J.: 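Here you go, one structure.
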Amino acid sequence: MANVSEQDYELLSAYVDGMLDEEERLALEERLHGDADLLRELTALYLTLAMVKQLPMMTAPRNFTLKDPPARWLIFPTTPVFTALSAAAATILMVIGFGLLLSSSMSNQAASAPPSDQEVALMSNTRTDDATGDTASQQPLPSSEQDDFDENQQNTQQTNVALLPPTQGLTLDNIQTTATALTMQFSTQSDESAATMALNTGGAGGGFYTTELPTFEGTMVSATMQDGEMTNPVAPITLSTSTSLPTSTQIGTMVFGTPSPNEESVSDTGMDTRQFSPTQTEEFSTFAEESTEEEAAANLAQAATESPTARPTITATPPPTVTLTPTLVPQTAPSSRSMPTLVAMALVLGGAVLFGIAFMTAMTRRGERRRARKEGQ
Amino acid sequence: MADNTTTDEQALIGAAQRGNRSAFNLLVLRYQDGLYTLAYRIMGESQSAADATQEAFITAYRRLDTYRGGSFRAWLIRITTNACYDELRRRKRRPVVAMDELSPPDSDDDPPIADPSNTPEQAMQQRELNRAIQDCINGLGDDQRIVLILSDVEGLSYQDIADHTRSQVGTVKSRLSRARAAVRNCLQAVEELLPGAYRLME
């Protein structure tokens, strides 16, 4: 090839393959007649091609037939796209699920924490509004409920309901101005024990409760004051099976305190801490009927002279002391939080299942690849 | 006879396209020696050639729906060539020493059926000649080697080679010319191995 250029060799190569057009072929053949080196290279090229083409057909070392794939137990496609989509969906589900779980647990912790005073106020206002119709029933107790109340009297309970703040104390002006702005104190005339129930109106933004009363039953008597005198005592107000106290706008805020021998003991903060013994209905009723207007007026006048916030007192008879112990009730029912938690757990579980599917499809695909490679060997 | 074979092949291809694996396996048995030979000439050693051949048949089975008629053999040659390209690229990424290079020459280049007219000495000479030619082919670059094999072993036209290698006809022409010149020079260096009929290259 030393005497033949690369271009001539390309012509010779195309010539032996019959790839030259007629003009090129005739020109090359004419040159071959007078160029010995070119002819020698053409001969060598023919021999090279002959040697290459005589290479024998080889026998495959084995059969390359395809075997039937084993029955797949996995019903999902094993494509990489399916695996990737499954993994992505699993990630999204688990992120959402864990996020819901976290938020649910945080809200539970916040709910179980002791509420602040401001929170308590909000809770109480809402609760008393809701309880207005239910707890401040104007109907007397049925006999059966009265019996239950008697049993409750036997089981002494401690009640501590704070009035915060006492906003408006009872003044004579308040009494004369509006019947709802009433702070009325009922006290018994009994020597054995005294049960004092104080009604303290809160007015707008008045008193509120720090707790609920579990099962409070009793009857109280309210009266309307006009011109410094107590007019006709109104019908007894029956409180039955209350879970919260009536609103201040209706009958005022009830204050129950620790037992105190002093019937008119009022704390410095204005909080009534008198002992209250809800008596039987008939006792209050009887007292309401038997109390004369004169006595009430006299009491009111006396109280007014003693203190501008003096309260008329009505004394009930002896009653076994019933003090109710309030309990803090969670503002939100647990059942309302269970649903997001269940949904979150379901999401997490679904994500885990999808992760498993993605993993299994990836492993199956890998196994199929290995099997194919083994078959190749 | 050829018509019957062609009809039979088209029937097998149709059955295979409908998912009949047995029909495809009949086609595999028909073409596996030729495709393995092609792969061996390109790859230069048996293990890689077997891998490429197996991969080619698996790919062919999966892509049977893309076969649009014409020469089924040419279609398989194209798939095998691509499988060899993939194998060569893999080998370049992860260079390995083939077992063929470490072990003594095997009988890959032996004729499948020994010519009974050949004496043992002639058979030995033929084997050495084949190995020398293969070594010269192996010395080519990948592109030149593949073009040489497709042209001078498989007998494809320039245009088919250009289609298979995704190149221009002029490129094929140039590569083939250089490949032949390189093999010619290689064989000239081992002239003593060549039979007398081939000693006219000087």
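Remember, predicted model here, so these are calculated numbers, not experimental data. Letters go in sequence order (proteins before strands), and every chain restarts at 1.
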J.: If we ignore hydrogens and angles and just use 3.5 Å, is the side chain of B:Asp33 paired with the main-chain N or O of A:Ala60 as donor and acceptor?
T.: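 Yes, the answer is positive, given that a donor and an acceptor are paired below the 3.5 Å cut-off.
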J.: Verify the neighbour count for atom CD of B:Gln10: are there more than 12 heavy atoms of other residues, nucleotides or ligands below 6.0 Å?
T.: yes
J.: Just checking A:Glu22: does its CD atom have more than 12 heavy atoms from other residues, nucleotides or ligands closer to it than 6.0 angstrom?
T.: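 It does: A:Glu22 CD has more than 12 such atoms within range.
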J.: What closest approach, in Å, do A:Gln54 and B:Asn130 show between heavy atoms, and which atom pair accounts for it?
T.: NE2-OD1, 2.9 Å
J.: Measure distances from B:Leu176 to the heavy atoms of chain A and classify the residue's part below 4.5 Å as side chain, backbone, both or neither.
T.: both
J.: Looking at CZ of B:Arg178 and CD of A:Glu10, how far apart are the two atoms once the value is rounded to the nearest 0.5 Å?
T.: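 If I round to the nearest 0.5 Å, the distance is 7.5 Å.
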J.: To the nearest 0.5 Å, what is the distance between CD1 (B:Ile133) and CG (A:Leu55)?
T.: 5.0 Å
J.: Is it the case that atom CE in A:Met363 sees more than 12 heavy atoms from other parts of the structure closer than 6.0 Å?
T.: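 More than 12 within 6.0 Å, yes.
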J.: So, B:Gln32 side chain and A:Phe64 main chain: donor-acceptor pair closer than 3.5 Å or not?
T.: yes
J.: Taking all non-hydrogen atoms of both residues, which atom of A:Asp17 and which atom of B:Ser151 are closest, and how far apart?
T.: OD2-OG, 4.5 Å
J.: Any donor-acceptor pair under 3.5 Å linking the side chain of B:Arg180 with the backbone of A:Thr48?
T.: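 No; zero donor-acceptor contacts below 3.5 Å.
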J.: Measuring only between side-chain heavy atoms, which start at C-beta, is A:Lys53 closer than 4.5 Å to B:Val153?
T.: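 Counting from C-beta outward, A:Lys53 and B:Val153 never come under 4.5 Å.
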J.: Would one find more than 12 heavy atoms of other residues, nucleotides or ligands at under 6.0 Å from atom CZ of A:Phe359?
T.: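 No, not enclosed.
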J.: Determine the minimum heavy-atom distance between B:Ser177 and A:Ser13, stating which atoms define it.
T.: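 Heavy atoms of B:Ser177 and A:Ser13 come nearest at CA-OG, 3.7 Å.
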J.: Which region of B:Leu26, side chain (C-beta onward) or backbone (N, CA, C, O), has a non-hydrogen atom less than 4.5 Å from a non-hydrogen atom of chain A, or is it both or neither?
T.: neither
J.: Pick from B:Phe57, B:Phe24, B:Tyr61, B:Tyr158: which one has the most heavy-atom pairs with chain A under 4.5 Å?
T.: B:Tyr158
J.: Between atom NZ of A:Lys67 and atom CG of B:Asn25, what is the distance when rounded to the nearest 0.5 Å?
T.: 8.5 Å
J.: Of all the heavy-atom pairs spanning B:Gly34 and A:Met57, show the shortest one and how long it is.
T.: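 Distance-wise, the nearest heavy atoms are CA-SD, 3.5 Å.
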J.: Could you check A:Asn63 against B:Val28 for side-chain contact (heavy atoms from CB on, under 4.5 Å), going step by step and ending with a plain yes or no?
T.: CA-CA 8 Å; A:Asn63 283 337; B:Val28 170; over 6 Å; no
J.: Quick one: do B:Arg184 and A:Glu41 make a salt bridge, cutoff under 4.0 Å?
T.: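 Salt bridge: yes.
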